[in-house]
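Below, chain A is the first sequence line, B the second, and so on; all start at residue 1.
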Amino acid sequence: MENKESTDKNTSLNFLEQIITKDLAEGKHGGRVHTRFPPEPNGYLHIGHAKSICLNFGLASKYKGKCNLRFDDTNPTKEEQEYVDSIKEDVRWLGFDWEDREFYASDYFEQLYEMAVFLIKKGKAYVCEMTGDEIAAGRGTPAIPGRLSPWRDRPVEESLGLFERMRLGEFPNGKKVLRAKIDMASPNMHMRDPVMYRIMHASHHRTGDRWCIYPMYDWAHGQSDYLEKITHSVCTLEFEVHRPLYEWFLDALEITGDRPRQHEFARLNLSYTVMSKRKLLELVKEGYVSGWDDPRMPTISGLRRRGYTPASIRVFSDKVGVAKRENVIDLALLEHCIREDLNRNAPRVMAVLDPVKLVIENYPAGQVEELQAIRNPEKPEEGHRIVPFSRTLYIERSDFMEDPPKKFFRLSPGNEVRLKYAYIIRCESVVKDEEGRIMEIRCTYDPETRSGMGSTRKVKGTLHWVSAGHAVEAEVRLYDRLFSVENPDDVSEGESFKSHLNPDSLQVVKGLLEPSVREAAPGDRFQFERTGYFCVDKDSKPGVPVFNRTASLRDSWARINK
RNA sequence: UGUCCUGUGGUGUAAUUGGCAACACGUCUGACUCUGGAUCAGAAGAGUCCAGGUUCGACCCCUGGCAGGACAACCA
């Protein structure tokens, strides 16, 4: 029974793996598996792209194949070198290696041009002189067939000549296009004589001004796959309707042997998150966030800055799975993945984010003890850190209650708790200001109970603390979900997704931390004891470190309390 | 009143290709702890969109519905 289950787990393949396994078994592609990750360099990568990256590179490595990085740079007006650089950085950071296979659709412009000439000669493409509006109008609607272009049956030689002159720059933008001659009555809109080339007098981030005609996605993509000998061209569901066209071009080019096949999977959606580049760009441009790498953004760079690890994102992508049905993944799963990673790997540090002073009346003024605290209980081999202890400390305001309910195990008048790594203390009295706000908690300690002394006394609660005279002040940014509703895209007519922005998604507090964080460098991650996981921000200044909250610890007391 | 795709616990993914549904997240109990985190133990929660059919037997096959999504850029 147990054996059966474990075998099941091992043999349980997702649908793409099943396709590949079958292809391999049938001897397709000569036993090769070759995938590609093909971003357009028109923005920053987000967690949805991470899924695609993990999928494509993961499939390749699982089946001992290769995965290319290919920039789909066929629209110079939207693309920039900055994006190319950030994409490369993000893919690398995620832990994937495309080796020497960094390709660009723009590398194939010449070959694509030759292929187009071939199609014209075969009578399968023609130069059309209708305006954009005319083409759109002539295409019809999904239910109504389109009309034939008046240029559809012009002589091959004429199209050939015109196409060459398009390339030479003799015509202004929009004056002519090259269209595939397919079927204006097809129920599939993409088959109604799709545009293959448009005239764009724009300089390209890689080819400069060498070209003024640029291939459309459908024309460039499949052919690029073919030229790179891709076996499995994996893309998202919205390209499903493009597949017949993808096949048509390959057929028209009379490619009969080993050709790429397109397969679609459902893109990732995350609750409390928007994923479209357009919307993310809007948040950036209109200043709702500080930039593409704002720690609240679902971009790879945002998650990185927030403190997510590459491994946690890879694990997430794995747990999310692949299928063809639309999905909305619970943000809690992503959070679970980073907690799991950081709980195991992040060193601990004590921090007080909402401090209240605590004075130990019977502890000698001026005395300082250097206590040993374990760096990471999950990794004892990492040893200890030193934490100074003194008469005046700060504890978390929420760790004290004057009138505690039954199951409150923290500090309250007359009650005892342990200060982590230090002593058992008892609360003797509280000092308040005129408004009744607690200003100071007065305690006594039991000198026999220092950690490691082997005291057998038991208390129900343990508090974390920081020595007032030694604490390091830090800016601590507490992040919460960017949107306050599960599906921000679900808006009523005329409303914007921005109406669902969470006004409390960022709260900045001044925290007090144990002095060991002085050595922390940007990118370092910690678990603040009893609080959550934090990452040192890239903008951190030497004197006052800046921390981003990666995730909070689950507060069971809050759960009991509610 | 077009074509294509998809419907399995709250969420996501499985089910050896026909043998009465498993795993993960989440939720809820409890135990333990020098963090009430972590860990450990346990529970609730779907009978697989609906209706027929084939079959000894259907999440899986067939028929017909229904629901959701994609597609009408010289974007990708």
Quickly work out the [X] [atom1] to [N] [atom2] distance and round it to whole Å.
| X | N | atom1 | atom2 | result |
| --- | --- | --- | --- | --- |
| A:E80 | B:C75 | CD | P | 17 Å |
| A:R278 | B:A76 | CZ | P | 18 Å |
| A:R348 | B:G37 | CZ | P | 14 Å |
| A:L270 | B:G26 | CG | P | 14 Å |
| A:E247 | B:U3 | CD | P | 21 Å |
| A:E40 | B:A73 | CD | C1' | 13 Å |
| A:K319 | B:A24 | NZ | P | 9 Å |
| A:E264 | B:C5 | CD | C1' | 9 Å |

Classify the side-chain pair A:Y308/A:E335 by whether it contains a donor and acceptor separated by less than 3.5 Å.
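The criterion, which ignores hydrogens and geometry beyond distance, is not satisfied for A:E335 and A:Y308.
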
Just by distance, no angles: are the side chains of A:S516 and A:E514 close enough, under 3.5 Å, to form a donor-acceptor pair?
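Result is yes, a qualifying pair exists.
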
Between [N] and [X], is there an OP1 or OP2 to side-chain N/O distance shorter than 4.0 Å?
| X | N | answer |
| --- | --- | --- |
| A:R410 | B:G36 | no |
| A:K458 | B:C34 | yes |
| A:R198 | B:C75 | yes |
| A:R344 | B:G37 | no |
| A:T462 | B:G36 | no |
| A:H336 | B:C25 | yes |
| A:R325 | B:U13 | yes |

If we take the [atom1] atom in both [N] and [M], what is their distance in whole Å?
| N | M | atom1 | value |
| --- | --- | --- | --- |
| B:G19 | B:A51 | P | 22 Å |
| B:G45 | B:G26 | C1' | 11 Å |
| B:C50 | B:C59 | C1' | 14 Å |
| B:C40 | B:C25 | P | 10 Å |
| B:C4 | B:G10 | P | 32 Å |
| B:U8 | B:A15 | C1' | 10 Å |
| B:A21 | B:A14 | C1' | 9 Å |
| B:U55 | B:G68 | P | 35 Å |

With respect to the side chain of [X], which nucleotide from [options] is positioned closest?
| X | options | result |
| --- | --- | --- |
| A:S12 | B:A15, B:A76, B:C71 | B:A15 |
| A:V195 | B:G37, B:C74, B:U3 | B:C74 |
| A:Y217 | B:A76, B:G2, B:C34 | B:A76 |

Residue whose closest nucleotide on RNA chain B lies nearer the 5' end, A:E326 versus A:M189
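By nearest-heavy-atom nucleotide position, the 5'-most residue is A:E326.
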
Toward the 5' end of RNA chain B, which comes first, A:K176 or A:I329, by nearest nucleotide?
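Its nucleotide being nearer the 5' end, the pick is A:I329.
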
Would you call the rings of [X] and [Y] parallel, tilted or perpendicular, where under 30° means parallel and over 60° means perpendicular?
| X | Y | result |
| --- | --- | --- |
| A:F497 | A:F483 | tilted |
| A:Y108 | A:F103 | tilted |
| A:F547 | A:F528 | perpendicular |
| A:H49 | A:F37 | perpendicular |

For [N], what is the paired nucleotide under Watson-Crick or G-U wobble rules, both distances under 3.5 Å?
| N | value |
| --- | --- |
| B:C20 | none |
| B:C74 | none |
| B:A67 | B:U6 |

Any donor-acceptor pair under 3.5 Å from A:R348 side chain to A:A373 backbone
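Side chain of A:R348 to backbone of A:A373: no pair is present.
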
Does A:H242 get its side chain close enough to the base of B:A70, under 3.5 Å, for a donor-acceptor pair?
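Side chain to base: no pair present.
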
Looking at the base of B:G2, is there any donor atom on it, or on the side chain of A:N188, that sits under 3.5 Å from an acceptor on the other one?
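Counting by modelled atom types and ignoring angles, no donor-acceptor contact under 3.5 Å is found here.
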
Carefully, step by step, assess A:F71 and A:Y104 under the rule ring pair (Phe, Tyr, Trp, His ring centres under 6.0 Å).
CA-CA 5 Å; A:F71 291 94; A:Y104 295 79; 5.0 Å; yes

Anti versus syn assignment for B:G47, with syn defined as within 90° of 0
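Classified syn.
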
Describe the nucleic acid contact of [X] in one word from base, sugar-phosphate, nothing, applying a heavy-atom distance below 4.0 Å.
| X | result |
| --- | --- |
| A:T77 | nothing |
| A:Q18 | base |
| A:I135 | base |

